[in-house]
Each structure stands twice: as C-alpha cells, then as structure tokens.
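First the structure, which I've put down as structure tokens, then a few questions once you've had a look.
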Amino acid sequence: MGIIRDYMKITVITVGKLKEKFYREAVSEYGKRLSRYCKLEIREVEDEKTIEGASEKAQEQILAREAERILRFLPENACVITLEIEGRMYDSEGFAEKIRELGINGVSHIVFVIGGSIGLHNIIKERADLAVSFSKMTFPHQLMRVVLLEQVYRAYRIINGEPYHK
C-alpha cells in the first residue's frame with residue numbers, strides 16, 4: 001500500500017465527555033499507539049440534556065446547539081468525516097485505503113465527528129466530505145470513540161504493511 005511518511009493530523013470531535021474510566025483508558029492507549037503514525041487531537045464539546053420522548057422540534061434545537069459547538073472546531077482546510085448510520089461502510093482494508101488515498105491527495109488533516117445521543121444536525125452532515133458507518137447498529141458515542149480510534153490505528157498498521165488481527 002505504501003508508507004505514509006508525513007504525519008497526518010487526526011482530530012476527533014465528539015459530543016459529550018467520556019465518563020467511564022475504562023473508556024478513558026482505552027482512548028489513552030490508542031492515543032499512545034497512534035502517536036507513531038499521526039498527531040491525534042480529541043475535542044469534546046458539551047452535550048445537551050436529551051429528554052426521553054422529546055418532540056422533533058426539541059430534538060432539532062438540541063442538535064442545533066451541539067452543531068454550533070462542533071462548527072467552532074471544524075477548520076476550513078480539513079477533510080471532515082462524520083460517523084453516521086447512513087454513511088458508507090468500509091472493511092478495515094478499504095478504510096485504510098481511504099486514509100492512504102487522502103494523504104496521497106494532499107490531505108494533511110482529517111477531522112472525524114461523532115454526534116451525541118440523537119445524532120448530528122444536518123448542517124454538520126452537509127459540511128462533511130464523507131460520511132462513514134461502522135455498522136447498521138447504534139452504538140453509545142463513548143464506545144464509538146474507542147472503536148474509531150482502534151480502526152484508525154488498524155488502518156495505519158495496514159498502510160505500513162505491519163501485522164494486524166483479522
């Protein structure tokens with residue numbers, strides 16, 4: 001596949017904080033592992049309280065407030081990739097190839113966006129260069145952060161011809 005020699009910057013913007021220690025430890029571990037491949041930055045934006053059974057209008061207002069916070073951290077020149085159930089699905093090799101391809105085409109900064117408990121506002125989805133789905137299932141956004149970092153780490157291992165678990 002070819003080795004990426006220049007460090008790419010990877011930013012993960014997430015709605016909400018990691019509350020459980022085991023999630024924080026997993027994110028920290030993948031951060032350490034990724035440090036040899038890229039410059040990783042994680043930006044947490046405050047999530048809005050979501051009441052069970054909230055009306056569509058209330059949900060729209062929640063998503064809009066979260067979107068305002070996300071937009072503050074979206075640089076103009078970055079490739080923005082949202083994580084969405086409706087997004088494109090890749091296998092690990094395909095995901096690695098996409099990251100490699102972006103680097104070859106001059107992208108030096110990828111921003112992944114993970115929404116909160118009710119997803120992402122359309123303004124964020126429209127700003128995205130690519131929407132990616134890891135499954136048709138819904139995952140807690142805290143777990144999704146760990147899954148994303150594991151897959152980015154796996155992608156760099158694949159790109160560099162290093163062993164990884166299949």
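Since the model is a prediction, treat every value here as computed from it, not as a measurement.
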**Study point:** Contact summary for Val111 and Ala78, nearest pair of heavy atoms
**Key:**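 Taking Val111 first and Ala78 second, the nearest heavy atoms are CG2-CB, 3.6 Å.
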
Check your understanding: Is there a chain of hydrophobic side chains (I, L, V, M, F, W, Y, each step under 4.5 Å between heavy atoms) that links Val80 to Leu130?
Key ->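 No; tracing contacts between hydrophobic side chains, which count when under 4.5 Å, never links both residues.
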
Check your understanding: Can you find a side-chain donor-acceptor pair between Thr11 and His109 that sits under 3.5 Å?
Key ->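 Looking only at side-chain atoms, His109 and Thr11 do form a donor-acceptor pair, the distance falling under 3.5 Å.
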
Review point. Are Ile81 and Phe134 joined in one hydrophobic group, where the rule is that I, L, V, M, F, W and Y side chains link up if heavy atoms are under 4.5 Å apart?
Key: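 Same cluster: Ile81 reaches Phe134 through Ile, Leu, Val, Met, Phe, Trp or Tyr contacts under 4.5 Å.
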
Check your understanding: Would you call Gln142 and Lys17 a side-chain contact if the rule is heavy atoms closer than 4.5 Å?
Key ->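 Not touching, per the 4.5 Å side-chain cut-off.
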
Review point. Sequence neighbours excluded, which residues qualify as side-chain hydrogen bond (donor to acceptor under 3.5 Å, both in side chains) partners of Glu150?
Key: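 Partners of Glu150 under the side-chain hydrogen bond (donor to acceptor under 3.5 Å, both in side chains) test: Arg154.
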
Check your understanding: Is it true that Arg65 and Glu68 make a salt bridge, defined as a side-chain N closer than 4.0 Å to a carboxylate O?
Key ->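 Here Arg65 does not pair with Glu68 in a salt bridge, since their nearest N and O are not under 4.0 Å apart.
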
Practice item. Please check if Ile99 and Ile42 belong to a single hydrophobic cluster, counting links between Ile, Leu, Val, Met, Phe, Trp and Tyr side chain heavy atoms closer than 4.5 Å. Key: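 Hydrophobic grouping puts Ile99 with Ile42.
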
Practice item. Output the distance between atom CG (Asn160) and atom CZ (Arg36), rounded to the nearest 0.5 Å. Key: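 The CG atom of Asn160 sits 7.0 Å away from the CZ atom of Arg36.
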
Practice item. Walk me through it: do Thr82 and Val132 pass the test side chain to side chain contact (heavy atoms under 4.5 Å, CB included)? Key: CA-CA 6 Å; Thr82 52; Val132 172; over 6 Å; no

Practice item. Identify, with sequence neighbours excluded, every residue that meets side-chain hydrogen bond (donor to acceptor under 3.5 Å, both in side chains) alongside Arg127. Key: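 Partners of Arg127 under the side-chain hydrogen bond (donor to acceptor under 3.5 Å, both in side chains) test: none.
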
Review point. Could you state the interatomic distance from CG (Leu102) to CG (Asp129), rounded to the nearest 0.5 Å?
Key: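 Reported value, rounded in 0.5 Å steps: 8.5 Å.
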
Exercise for review: Report yes if some heavy atom in the side chain of Ile70 is under 4.5 Å from a heavy atom in the side chain of Val15; otherwise report no.
Suggested key: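 Yes, their side chains come closer than 4.5 Å.
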
Point to revise | Enclosure of Leu143 CG (heavy-atom neighbours >12, cutoff 6.0 Å) | key: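 Counting neighbours around CG of Leu143, more than 12 heavy atoms of other residues, nucleotides or ligands fall under 6.0 Å, so yes.
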
Review point. Say you draw a straight line from CG of Leu148 to CZ of Phe139; how long is it, rounded to the nearest 0.5 Å?
Key: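 Reported to 0.5 Å precision, the distance equals 12.5 Å.
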
Practice item. Would you sort out whether Val146 and Leu18 count as a side chain to side chain contact (heavy atoms under 4.5 Å, CB included), showing the intermediate values? Key: CA-CA 10 Å; Val146 176; Leu18 288 181; 5.8 Å; no

Review point. What are the two closest non-hydrogen atoms of His141 and Gly16, and how far apart are they?
Key: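 Heavy atoms only, the tightest pair is NE2-CA, 4.2 Å.
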
**Study point:** Nearest heavy-atom neighbours spanning Ala96 and Ile159
**Key:**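 Nearest heavy atoms, Ala96 then Ile159: O-CD1, 3.5 Å.
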
Review point. Backbone N or O of Ala54 within a donor-acceptor pair of the Gln59 side chain at under 3.5 Å?
Key: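 Checking the backbone N and O of Ala54 against the side chain of Gln59, a donor-acceptor pair under 3.5 Å is found.
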
**Study point:** Whether over 12 other heavy atoms sit under 6.0 Å from Glu86 CD
**Key:**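 It does: Glu86 CD has more than 12 such atoms within range.
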
Check your understanding: Counting only N and O atoms by type, is there a donor-acceptor contact under 3.5 Å from the side chain of Ser133 to the main-chain atoms of Ser135?
Key ->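 Yes, the answer is positive, given that a donor and an acceptor are paired below the 3.5 Å cut-off.
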
Point to revise | Main-chain N/O of Gly116 paired to Asp47 side chain as donor or acceptor, under 3.5 Å | key: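 Side chain of Asp47 to backbone of Gly116, a donor-acceptor pair under 3.5 Å: no, none is there.
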
Practice item. Kindly confirm or rule out a cation-pi arrangement of Arg33 over Tyr153, judged by NZ or CZ under 6.0 Å from the six-membered ring centre and within 45° of its axis? Key: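 That pair qualifies as a cation-pi contact.
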
Practice item. Report the relative orientation of the aromatic rings in Tyr37 and Tyr156; use parallel for angles under 30°, tilted for 30 to 60°, perpendicular for over 60°. Key: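 Because their plane-to-plane angle is under 30°, the rings of Tyr37 and Tyr156 count as parallel.
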
**Study point:** Worked check of side chain to side chain contact (heavy atoms under 4.5 Å, CB included) between Leu63 and Asn122
**Key:** CA-CA 9 Å; Leu63 290 174; Asn122 281 340; over 6 Å; no

Check your understanding: Do Phe112 and Ile10 have side chains that get closer than 4.5 Å, going by heavy atoms?
Key ->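 Phe112 vs Ile10: side chains touch.
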
Check your understanding: Any salt bridge between Arg43 and Glu41, counting N to O under 4.0 Å?
Key ->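 Yes, Arg43 and Glu41 are salt-bridged.
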
Check your understanding: Would you call Arg145 and Glu44 a salt bridge, using N to O less than 4.0 angstrom?
Key ->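 Yes, charged N to carboxylate O under 4.0 Å.
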
Check your understanding: Should Leu83 and Val113 count as side-chain neighbours, where that means a heavy-atom distance under 4.5 Å?
Key ->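 They are not in side-chain contact.
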
Check your understanding: Which distance, rounded to the nearest 0.5 Å, do you find between the CD1 of Ile110 and the CE of Met8?
Key ->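 One gets 4.0 Å once the value is rounded to the nearest 0.5 Å.
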
Review point. Taking 4.0 angstrom as the limit, do Lys98 and Glu93 come out as a salt bridge?
Key: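 A salt bridge is absent here (no side-chain N lies under 4.0 Å from a carboxylate O).
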
Practice item. Determine whether Phe73 and Leu120 fall in the same hydrophobic cluster, where Ile, Leu, Val, Met, Phe, Trp and Tyr are linked whenever their side-chain heavy atoms lie under 4.5 Å apart. Key: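 They do share one cluster, since a chain of ILVMFWY contacts under 4.5 Å joins Phe73 to Leu120.
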
Practice item. Drop me the distance from Phe95's CZ to Ile158's CD1, to the nearest 0.5 angstrom. Key: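 The CD1 atom of Ile158 is 10.0 Å from CZ of Phe95, to the nearest 0.5 Å.
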
Practice item. Determine yes or no for a side-chain-to-main-chain donor-acceptor pair under 3.5 angstrom, with Arg157 supplying the side chain and Glu162 the backbone. Key: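 Checked: no pair found.
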
Check your understanding: Charged N to carboxylate O below 4.0 Å: is that the case for Glu60 and Lys57?
Key ->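 Looking at Lys57 together with Glu60, the answer is no, because their closest N to O distance does not fall below 4.0 Å.
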
**Study point:** Pair Val45-Glu66, side chain to side chain contact (heavy atoms under 4.5 Å, CB included): steps then yes or no
**Key:** CA-CA 7 Å; Val45 300; Glu66 291 174 349; 5.6 Å; no

**Study point:** Single-linkage hydrophobic cluster Ile13~Ile123, side-chain heavy atoms < 4.5 angstrom
**Key:**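 Yes.
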
Review point. What's the spacing between Ser117 OG and Glu48 CD if we round to 0.5 Å?
Key: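 Spacing of OG (Ser117) from CD (Glu48) equals 10.5 Å.
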
Check your understanding: Is Met144 close to Val147 at the side-chain level, that is, under 4.5 Å between some pair of heavy atoms?
Key ->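 Counting from C-beta outward, Val147 and Met144 do come under 4.5 Å.
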
